[in-house]
Every structure is written in C-alpha cells, then in structure tokens.
Amino acid sequence: MSLLTTITKSRVWRSFFRHGWPDNPLDRSLVMTTNVFFHLHPVKVNLKSLKFAYSLGLGVLTLLSFLSLAVSGTVLMFYYVPSIEHAFTNIVSLQTLVPYGQLLRNLHRWGAHLMVLTAVLHMARVFYTGAYKPPREFNWVVGVVLLVLTLGASFTGYLLPWDQLAYWAITVGTSIASYEPMMGATIKNILLGGPEVGQASLTRFYALHIMIIPAFLALLISLHLWRVRKDGGLAATDNQ
Ligand code: HEM
C-alpha cells in the first residue's frame, strides 16, 4: 500500500475528510458535498460559468462589499451615538480626533456606494445573459428584494450623520413616500415616528440601518446563494 493510500485510509484523515483521494467521480462529488465551503457549488458546473468574462464577478463583489460594510459598520457602532444632540459632533470628532476615524467612515461610505453600484451592474449582467429565465425566476425575484433592501440600507444610513444634507434628504425622501395614494401619510408617519424629522426618526432609521435591514440582507443573500447552487450553478451554456 502506498503512503498516500495509507494516509487517506487512516481514521484521523477520515475524521476530517469524509472521502477518499479524489481520483474518481464518486470521491470528487463527495469533496464538494462534504465540505461546507465547496458545498456552495454544485457538484458539476458548465466550464463556461467559471470564466470571469461570464459573470464579471459582480455578484461576488456585491457580497464582499456587504461583508466589508458589516465589519466597518460594527466598528463605527463603537463610537456613534444615535442622538440628535450628539450624532453630528460625534461624526466630526470621529473624523478629526479618532485615529483612522476618517478612513473608517470613508470605508463605510464608499463601500455603500460600491454595493449599490455592483448590485445594479450584477442585475444588468443577469438580465443581459438571460439568467432570469426559468428555473432561475425565483432567484431573480429574491434579487429584486435584495436590491430594494440595499437601497433601503443606503437611505437609512444617510440620516445618521444628522448634518444638513442628511436632514433635508430625509425630509424630501419621506415627503415623496407620503404621496403614495392609499397609505402615504401612514408610511411617512411610521418612518419618521411622528409628523416631522426628529429624535424618533433618528432612532427608527438607526434600528432599521444597524439591525433590521442587515438581518434581512444576510438571510436573503444566504437564500440567493443557496438557490444559485440548487439551480445548477450559473446559467452559462456553451453557446453564450
Ligand atoms: C445584495 C445583493 C446581491 C448579492 C450579494 C448577490 C450575489 C450573487 C452571487 C454571488 C451570485 C453568483 C455569482 C455571480 O453571478 O456573480 C448571484 C447570481 C445571481 N443573482 Fe445575485 N446578488 C445580489 C443581487 C441580485 C439582483 C439585484 C438580482 C436581479 C434582480 C440578482 C439575480 C441573480 C440571479 C438570477 C443569479 C443567477 C445568475 C446566473 O445563473 O447566471 N441578484 N448573485
């Protein structure tokens, strides 16, 4: 018995890797299905779908921006106070007094712009390659909800610095929402927590921004990636 065979048949090896050396179709499939990271991929994919030129890596880039925003946002939470008295001075001192504070804020701000941009480009790529067609129509709908949530995260984050730009952007944004025919006034009231922009609005936008929207994004991104896997990988065919 060769050394390689002895190692791959040993109990220690088998306790980590639940398959033999991947030199046959069965073990190659088991490599994919028994590893939590590889498991995200289907056992077989079209070679074309692995080419960068097919997907342009835009979905992965959107995912990476989301993860980096989660990290930079968590660090920002150590400093930021969601109070109409303190939020603005808080942001100013973060940028001027805290070491790397400006970098941290810019990472979060530019990361947010990048995520919106890559999500829109990713959607355009999916449309261009016809990947929204059955059996992937459900994942397209999940994607549309993800895009709305991504825009929602940007919008709610915009209010948090409590500067003039933020204040008036939210005033205008929620006024637009109030023109919704049936429930406009109620939607505006729910968003602002009262008739005008104030502490209740900041508290609500903060809760939406740091907890509710990211939780739904994380849940739906997991569903989205699981669907990519269950739909047999990316839609690429040889004649695309
Ligand atoms: C938070 C936003 C999103 C993330 C993190 C995300 C992530 C991904 C990833 C990683 C993939 C596989 C690799 C790739 O295509 O680059 C993918 C595929 C896909 N996404 Fe998204 N996506 C998002 C938004 C959207 C949007 C807005 C749509 C469309 C409305 C969409 C529809 C699809 C579809 C249909 C596929 C399968 C593509 C194919 O089979 O070629 N996604 N997504």
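All values derive from a computational prediction rather than experimental measurement. Atoms considered below: every heavy atom in the structure, side chains included; atoms not considered: hydrogens, waters and symmetry mates. We count ligands from 1, going down the list as the structure has it; atoms in each ligand are counted the same way.
For ligand 1, the polar-atom distance check finds no N/O of T129 at less than 3.5 Å from any of the ligand's N/O atoms. On a distance-only criterion, A235 and ligand 1 share at least one N/O pair closer than 3.5 Å. Checked by distance only, ligand 1 and R136 come closer than 3.5 Å through their nitrogen or oxygen atoms.
Ring planes of W13 and W21: tilted class, angle from 30 to 60°. Ring-plane geometry between Y167 and W162 is classed as perpendicular, the angle between the planes exceeding 60 degrees on a 0 to 90 degree scale with a lower cut at 30. Using cut-offs of 30° and 60° on the angle between ring planes, the pair Y206 and Y80 is tilted.
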### Message
One pair to check against side-chain hydrogen bond (donor to acceptor under 3.5 Å, both in side chains): T129 and R125. What are the steps and the verdict?
### Response
CA-CA 6 Å; T129 54; R125 186 292 285 173; 3.0 Å; yes
### Query
Given V126 and N139, is the side chain to side chain contact (heavy atoms under 4.5 Å, CB included) satisfied, shown in steps?
CA-CA 11 Å; V126 169; N139 217 12; over 6 Å; no
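The protein atom (non-hydrogen) at minimum distance from atom 12 (C) of ligand 1 is L234 CD2, 3.7 Å.
The local environment of OH in Y132 is crowded, with over 12 non-hydrogen atoms from other residues, nucleotides or ligands closer than 6.0 Å.
For atom 21 (Fe) of ligand 1, protein N, O or S atoms under 2.8 Å: 2 in total.
No part of F127 comes within 4.0 Å of ligand 1, judged by heavy-atom distances.
The two residues L202 and I84 make their nearest non-hydrogen contact at CD2-N, 3.7 Å.
Side-chain contact, S93 with T96: no donor N or O sits under 3.5 Å from an acceptor N or O.
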